[in-house]
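First the structure, in the form of C-alpha cells, and then the observations on it.
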Amino acid sequence: MRDALVLVPALPLAGFLILFLSMGALKRGAVAWIGVGSVGLALVAAVVAATGFWRHGAAPYTQTLYTWLSVAAFVPRVRFYLDGLSLVAMGVVTGVGFLIHLYSAEFMIDDEGYSRFFAYMNLFVAAMLILVLADNLLLLLLGWEGVGLASYLLIGFWYGESLNGLAARKAFIMTRLGDVAFVIGLLVLFNRLGTLNIQDLVRNAQAVWVPGSFWPTLAGALLLGGALGKSAQLPLQTWLPDAMAGPTPVSALIHAATMVTAGVYLVARLHGLYALAPAIERLIAVIGAVTLLLSAFAALVQSDIKRVLAYSTMSQIGYMFLANGVGAWSAAIFHFMIHAFFKALLFLAAGAVIQALHDEHDIGRMGGLRRQMPFTFWSFLIGGAALSAFPFITAGFYSKDLILWDAFASPLGGPAFWAAGLLGAFLTGLYTFRLIIRVFLGPAKSKIGRRPGWLMAVPIGVLALLSVVGGLLNIPSLFGGGAQFTHFLAQVLPAQALRPGVRAIEPDLETAAIGASLGGIFLAFLLFLHAPQWVEKVKSTVAGAALARWWGAGWGFDRLYEGVVARAYAGWARANRDDFVDAGVDGVVEGNRLLHQLLRWTQTGHVRWYAMAIALGAMGWFWLAVLS
Amino acid sequence: MSPADFTALSPILCVAGTAVGVMLSIAVRRHHGVACGLTVLGLLAALAALRWALPEVPVQVTPLFTVDRYALFYIGLILATTLGVVLFSHGYLAQRTDRPEEYYLLLLLATVGACALVAASQFASFFLGLELLSMALFALIAYPESGRVPVEAALKYLILAGAASAFLLFGMALIYAQLGTLAFAAMRAVAPSAGSPLMDLGLSMVLIGVGFKLAIVPFHMWTPDVYQGAPAPVTAYVATVSKGALFALLLRYFLQTAAGSAIPVVTGLGWIAVASMLAGNWLALLQPDVKRVLAYSSIAHLGYLLVAFLALGALAIEAVTFYLVFYLATMLAAFGIVTVLSGTGADAGKQGLEAYHGLFWRQPWLAASFTVVLLALAGIPLTLGFLAKFYVIVAAADRASWGLIGALVVGSAIGLYYYLRIVVVMYREPVGAQTVVVPPWPARLALIALTVFLVGFGIYPRPVIGLVQAAIGPEQAVWLVPGR
Amino acid sequence: MVVIFYLSSAVAVAATILAVTRVGVVHALLYLIASLLAVAILFFTLGAPFAAALEVIIYAGAIMVLFVFVVMMLNLGERALAQEKAWLRPRVWIGPGLLALVLLGESLYVIGQGAHTPYRVAVTGPEAVGATLYGPYALAVELASLVLLAGLVGAFHLGRHALHGGPRDGERPQ
Amino acid sequence: MASVLSEGLAVSALLFAIGLVGLLARRNVIMVLVAIEIMLNAAGLAFIVAGARWGQADGQIMFILILALAAAEVSVGLALVLQMDRRHATLDVDALSDLKG
C-alpha cells in the first residue's frame, strides 16, 4: 500500500502534462475533470499510502524510484521519504490542494485561460509534493524550483496587465536571492559531508561537527536564506503582498497554505542540522518574532482585503519561524497545518466576496454583507476566529497557544519572545476583526452579484469544519487533552525540554494568552464598530496619518530597497559605466569577438591553405610529440 | 572462416548484401521507393542480426576483425544512425534529384566501411574501412546534379582526405617497420619497452590522418566548408557516423596497443583537445550560418570527446561511449532539422539564421524539437547532453586533468552563447510572409524519436548507462592491463 | 644490386621533382611515369617482384592513362599553359618548399636515429603474396572490392553529366 | 643484398615530401591529384621497405591495397574534376572558395 506514494506527485504531474500538451484544445468540462481529478486521486493515493504507513507501525518508509545516474561517487536517486513530518505536509498539500482545485473549477469558470490555470496549478501541486517527499536535497531543490516557477507563472497569470507581470517578476527575483544562498549551502553540505540524502546528511553532520562550529553555522545560514525567501520573512518578505495579483485560489493555495510555508518545512526537516547551529536558531527565532510583529502592524491599516490576509500570512509564518527557532518544531508544524486550513478558508471566502462584489478589493467599499451572504459570513467568521486564536473552540487557539508556551518555556526561548508573541496575538485579534467588521457588519454599501455555487461552498464548508475540529488533534494536557499530534511527530521531531520551574506558571501564561486574543477582538469591536470616530481622530493627526502610511506600505521596505539597494546599485552602475568593472566584462566579450574574427579569418575557403594548416600542424606535432 | 565467424559478421554482411541488392534493383528498374525501402529493410535486418551475433562474441574473425561486444555495440549505433539518415534523406532527395537510387547504394557502402572500422583489429582493415567510408562520401557530398558548392565541398574533402590518408598510411608503414606486425594485439607484445622515435613518428602520422577525419584543431579547417556544401542528410552522416566510428576505433587502437604509454603523444593530444574545445566554440560564436555553427560546434564536441578519451581507462571507454551515443543522436537530430528546413533552390547549401526567425510561431513542434537539441548540445540538465558532459568531467577528474576540465568549462560557457542565440531567434516575433515546411512523415518520425530520446533518457538515463556498460566486456578489461 | 638501389632512388627522386614542377600537365605525367618505373625497380631490389610488376601495370599503366585521358578530354590548350606559367612563379615554391623541408628533416632525423638495422633482403615472390592475400587477408580483398565498387558508382554518377555535356554552370551570367 | 632500413624509408620520406610540396604549391587541380598520388605511392614504398625488413608478404599486401585505393580515388577525383570544369569553368583549386568564413 505504501507503494502508492509515487502516485501522489505523479498524478498531478500527469494532469499538468495532459493539460499543457493539449494546448487549450480540451473543453472546459474535461479540463476541470482532469485538473481537479488528478489532485483528488493524488489525495486518495496519499490516504492509501498513509494507511499503509500506519499499518507498518509508522516506521519511516523509503521508496526508490530510480537512480538518476551513477558516476563514480555521485549517485543521486529519485527517492521519496515518508515519515510523520512528510505525511503531515503531504496531507495538507493534497487535502487543501484538492479543496482549492474544486473551488477553482467554479471560481475560474469564466476565465479565458481555464486550461492554462489548471495546468499551472497541477504543476504546482506536483512540485510541492516532490519538495515535501524528497529524500535528498537535490530532489528537494527540483521541487523547490518547481514551486517557484509555478508561483511565478500564476502570479503573472493575467499577464495582460503589466503590473501583474511586475509582481511576478518581483516574487521571482526576491525568492531567487534566497535560492542562490540555498544552492551554495547545498554545495557546502555536499562538499563537507559527501552526501545530499537528508537522513545521512544529518547523521553525518552530527557525527562530524561540534555544535556551534563554523560549518554547520555557515550551511544553516545559507539554507536559511532560501527558507526566508520562500516564506517571505524579513528581509526578503516584500514580494508576498504584491503576489496577491494572482487569482484568489492561487493566493489561497500557494501564497497562504503551502508554498510559503516550505521554509518552515525545510527548517523542521533539517532540525538535526540546526541543532548544531544554535546561533542560527536564535536568528530564526528573532526573525520570526520581528516579522510577526511588523506584519501584524502592517495588516492593521491595509485597505485591500487580500493584502490584509497576505500580511497576516507573513505574521503567522513568523510564529512558525519563532517556534522553529526555539526548538519547538512540532509546534511549528502543527501551526503550519492549522494555518493552512483557516488561511485557505479565509482566502476562499474572500474570493467569494470579491467575486460577489464584481472584483472589488477595497474593504472601504464593502460592508453589511452578513445578511446578503450569510454562509460566507459565518465561514469567514470561523476562519477569522481561528486566526485570532479565539479560545477553546477554534483550532488556531491550540496551535498558537502551543507556540506561545514553547517560546516561553523552551531553554532557547524566553520572556521577550513570549511577549512578542503575545503582542502579536493581540494585534491579530484586532486586525482580523477590523476586517470582519468592515466587510460584513455595518450598513450594506453595494449590491452583490453571484453567490458561490456548491463547488465553491463545499470547500469553504469543509475548511471551516477543519478550522474548528483541527484543534482536537492536539489539546494540551492542561486542558485535559492528550497532545496526540505532538506525540505522533515525536518520532521525527523530538519534544523540547523545558526550563526548570515553568510548569508552575503555565496557567498564568494561558490566561494571559486568552486575554490577549480576546482583548484584541474586544478592542476591534470597540474601535471599528462602536466608536469609529476615535480611529478617525487618530488618523487625522499628523503623526497618526504618517504612521498609517508607513504601516500601510509594509513599513516601507519596498521604498527602502528601492532607495538603498536598487537605486544605489543603478547609480553605482551608471557611475561606473566606463569603469574597470565593465571594462572587464567588455574585455571578455571583445576578446571573444576578436578571437572569433581571428579564427574566422583562417577559414579562407582555400583548400591549399587548409592543406598548409595540416602540414603546419604536423610540423608542430612532430616537434611536440616526437622530438621533445 | 567458420560458421560462427559468419554469424559474428552477419550484421556487416547484411549491410553489404543490401548494397548489392540495391545495385541489382537499380539494374532492373530505377525506383526511389524500392531503393529506399530495400535500404531500410536491410538496415533493420542488420540490426536484428546483432541479436544473432551476440552469443558468438568475442571472436577473432581472420586476423583482420575482432567482433566483440564493443564492436557490436558500435555497429548497432552506426546502423541506427544510418537508419535515421535514410529517413531524413528520402524526402530531401525526392524533391531535389531525379536519380536518387545510387545515393542509397553509396550510403550502404559507407556504412559497411564504418562497421568494418569499429571491428577492425589490424591496420589493413583499419585503413580499408576508413577508405571505404571516405570513398562513398566523396560521391555522396557531390551527389546533387546542380550547383557549385557540392562539387567544391567534395573536391576539398577529396584532396585533403587523400593527403590525410597518405599521412595515415605512411605512419602505419613506419610502425610496421618498427614492430613487424600489423595486428593491434600483437603490437602490444612486441612494442619496445622504451618508446622509440620511429614508433612515435609513426603514431604521430597516424594521428594526423585520424585527426583530419575527426576534424580536430589544427586539422579541422575543411569541416565547415564540407558541412555547408554537402547535401544536409550527407552532412548528418559525415558529422555522426564517420566520426563516431573512427573515434571508437581510435580508442580501441590506443588501449589495445597500449599506445597511451607514449607520454609525449598523450600530452600532444591534450593540447589538441584544448585547442579544439576553444577554437571550435570561438569559431561558432558569431557565425551566421546554422550549418557552419553546427560544424564548428562539432569540432568543440570532438574536443570534449578527446578529454574523456585521454582518461585512457575503464572510465574512458564508458564516458566516450556514452558521449558518442549522445553526440550521434543530437547531431543527427540537428542536421535532421536542417534537412527539413533546407531550401530547394540554388542556395540550398546556405542556411542563414534568418530561416529560423520566428520558427516557433510557425512550427512550434519543430522549434521545440530544435530547442531540445540545442539545449542538449549546450549540456543543459535534464537532457542527455548534461549527463554526457558530466561523464566526461568525471572521467577527466579521475585522472586529475584539471587543465582539460578548465578548458572544457570555458568552452561550454562560450558554447552556451551561440546555442541560445539560435533559440532566441526561433522565439522572436515573425516578420513578413512566412512559408511553412511540412516535414515528410519519415523525417517527422525520426525527429520525434530523437527528441524523446534526448529528453527521456536525460531524465531517466539508466537504460542507456546500462547498455553502455554492457558494451564493455571482459575482453575490454584486458586492454586496460598496463602494456609494455 | 646496391648500386641499382641508389641509382633508381636518385632517378625516382629527380623524376618526381620534375613531375611536380613541370608547367605542362602532360609533361608532368610523363615524368611521373618515369618516377613510378624507377620505384618499381626499387621494389624489385627490395625483394618484391610482384609489387614491382603491379606498380608498372596499374600505377604507371592504368592510373596514369586515366590522367592523360582526362587531360585530353578537357582539352587544355595554350591558354592553360600560359596560366600555369603565371601561377608557378618562383616565390610560390618558397613556403611549401620550406615547410616540406622541415617536415622531411624531422622525419629523416627520426628515421636515421632509430633504424640502422641491416637486414638481408629475401625475395617474397608472387606465390607467397597470393597465398597470404587470399588466406588471412581474404576479407581485406572483399573490402577492397567494395572500395572499388564505391569508386565505380561514384565516378559513374559524377561523370554522367559531364559526359552528357549540357550547359556549364560557370558560364551562366551571375 | 644487405640493406639498411633507414635508406629505403629515407627515399620514401623524400618522395612523400616532394608530393607534399606539389600539393601545397600547385593550383591546377589535376596536378594536386598527381601530388596526392605521389604521396600515396611514397607510403606504398615505405610499406614495401618495411615488409622487406621483416621478410613478410604483409608489406606488399598493404601496397596492393593502397593501389586499389589510389585507383578508386583517382577515378572519383577525376570525375569531380570534370564536374568542376563544367560547373566552375576552371581547374584552379583556389577558385573553390564559395564556402568560407
Side-chain angles (χ1 to χ4, degrees), chain C residues 1-2 9 12-13 16-17 20 25 28 32 39 42-43 46-48 50-51 54 58-59 62-63 66 70-71 74 84 87 92-93 96-97 100 103-104 107-108 111-112 115-122 124 128-129 132-133 137 140 144 147-148 150-151 154-155 158-159 162 168-171, chain D residues 1-6 8-11 13-15 17-22 24-28 30-31 34-35 37-38 41 45 48-49 51-53 55-61 63-65 67-76 78-83 85-91:
Chain C
M1 287 289 259
V2 179
S9 296
V13 171
T16 312
I17 291 175
V20 166
V25 177
L32 188 56
V39 171
L42 273 183
F43 287 0
L46 288 166
F50 184 53
L54 287 180
I58 297 179
Y59 242 124
I63 295 179
L66 199 56
V70 170
V71 171
L74 292 177
E84 257 334 303
W87 284 344
V92 167
W93 298 98
L103 268 179
L104 181 67
S107 311
L108 288 182
I111 290 168
H116 286 291
T117 331
Y119 59 93
R120 286 217 57 80
V121 169
T124 312
V129 175
T132 318
L133 191 58
Y137 283 92
V147 172
L148 289 169
L158 296 175
R168 293 174 138 197
D169 288 11
E171 289 170 355
Chain D
M1 163 197 134
S3 186
V4 177
L5 180 59
S6 55
L9 290 182
V11 174
L14 260 170
L15 293 180
I18 296 166
L20 188 61
V21 173
L24 298 180
R26 299 297 299 241
R27 283 172 72 172
N28 186 321
I30 295 182
M31 287 310 296
V34 165
E37 291 308 305
I38 293 171
N41 190 45
L45 175 60
I48 297 284
V49 173
R53 180 202 171 170
Q56 292 169 343
D58 300 55
Q60 293 190 47
I61 285 169
F63 169 76
I64 293 168
L65 297 176
L67 211 56
L69 161 71
E73 187 155 328
V74 162
S75 60
V76 176
L78 288 174
L80 277 171
V81 169
L82 294 180
Q83 286 289 346
D85 182 58
R86 197 170 78 86
R87 299 190 201 178
H88 294 252
T90 174
L91 293 181

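Labels below follow one simple rule: chain letters A, B, ... track the order of the sequence lines, proteins then strands, and each chain is numbered from 1.
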request  = Rounded to the nearest 0.5 Å, what's the gap from CG on L78(D) to CD1 on I63(C)? Could you check?
outcome  = 10.0 Å
request  = Could you list the residues that satisfy ring-ring contact (aromatic ring centres under 6.0 Å, His included) with Y137(C), not counting sequence neighbours?
outcome  = none
remark   = So, the part of I38(D) with a heavy atom under 4.5 Å from chain C: the answer is side chain
remark   = Applying a strict 4.5 Å limit to non-hydrogen atoms, the region of L45(D) in contact with chain C is both
query = Under 4.5 Å between any side-chain heavy atoms of L82(D) and L158(C), yes or no?
reply = no
key: Options I64(D), L69(D), L20(D), ranked by heavy-atom pairs under 4.5 Å with chain C, top entry   = I64(D)
key: G97(C) to V21(D) - nearest heavy-atom pair and separation   = CA-CG2, 4.1 Å
message = Between I18(D) and chain C, with a heavy-atom cut-off of 4.5 Å, which part of the residue counts as in contact: side chain, backbone, both or neither?
response = both
inquiry  = Within the structure provided, determine whether I48(D) and V39(C) are in side-chain contact (heavy-atom separation under 4.5 Å).
reply    = no
inquiry  = Less than 4.5 Å to any heavy atom of chain D: does that hold for the side chain of L66(C), its backbone, both, or neither?
reply    = both
task = Assign the ring pair Y59(C) / F63(D) to parallel, tilted or perpendicular, where the plane angle (0 to 90°) is split at 30° and 60°.
result = tilted
inquiry  = Tell me the closest heavy-atom pair linking Q60(D) and G47(C), and the distance in Å.
reply    = NE2-O, 3.7 Å
request  = Answer whether the closest heavy-atom distance between the side chains of M31(D) and V25(C) falls below 4.5 Å.
outcome  = yes
inquiry  = Looking at every heavy atom in both L104(C) and A13(D), which two are closest together, and how far apart are they?
reply    = CD1-O, 3.3 Å
ask   = Side chain, backbone, both or neither: which part of L32(C) has a heavy atom under 4.5 Å from chain D?
value = side chain
query = So which of N28(D), N41(D), V76(D), L24(D) has the biggest tally of heavy-atom pairs under 4.5 Å with chain C?
reply = N41(D)
Portion of L54(C) that has a non-hydrogen atom of chain D nearer than 4.5 angstrom = both
remark   = Whatever's closer than 4.5 Å to a heavy atom in chain D on L133(C) counts as both
note = Highest number of heavy-atom pairs under 4.5 Å with chain D among V71(C), V147(C), I58(C) belongs to I58(C)
key: Residue pair S75(D) / A155(C): nearest heavy atoms and the distance that separates them   = O-CB, 3.8 Å
query = Is it the side chain or the backbone of A35(D) that comes within 4.5 Å of chain C heavy atoms, both, or neither?
reply = neither
task = Give, as side chain, backbone, both or neither, the part of E37(D) having an atom under 4.5 angstrom from any heavy atom of chain C.
result = both
request  = Please report the closest heavy-atom contact between A100(C) and A17(D), naming both atoms and the distance.
outcome  = CB-O, 3.7 Å
message = Please identify, among T90(D), L80(D), V34(D), the residue contributing the most non-hydrogen atom pairs under 4.5 Å to chain C.
response = V34(D)
key: ring-ring contact (aromatic ring centres under 6.0 Å, His included) against F50(C), all qualifying residues, sequence neighbours excluded   = none
inquiry  = Could you check whether any side-chain heavy atom of V81(D) comes within less than 4.5 Å of a side-chain heavy atom of L74(C), counting everything from C-beta outward?
reply    = yes
inquiry  = If I compare all heavy atoms of L15(D) with all of V13(C), which pair ends up nearest, and what's the gap?
reply    = CD2-CA, 4.1 Å
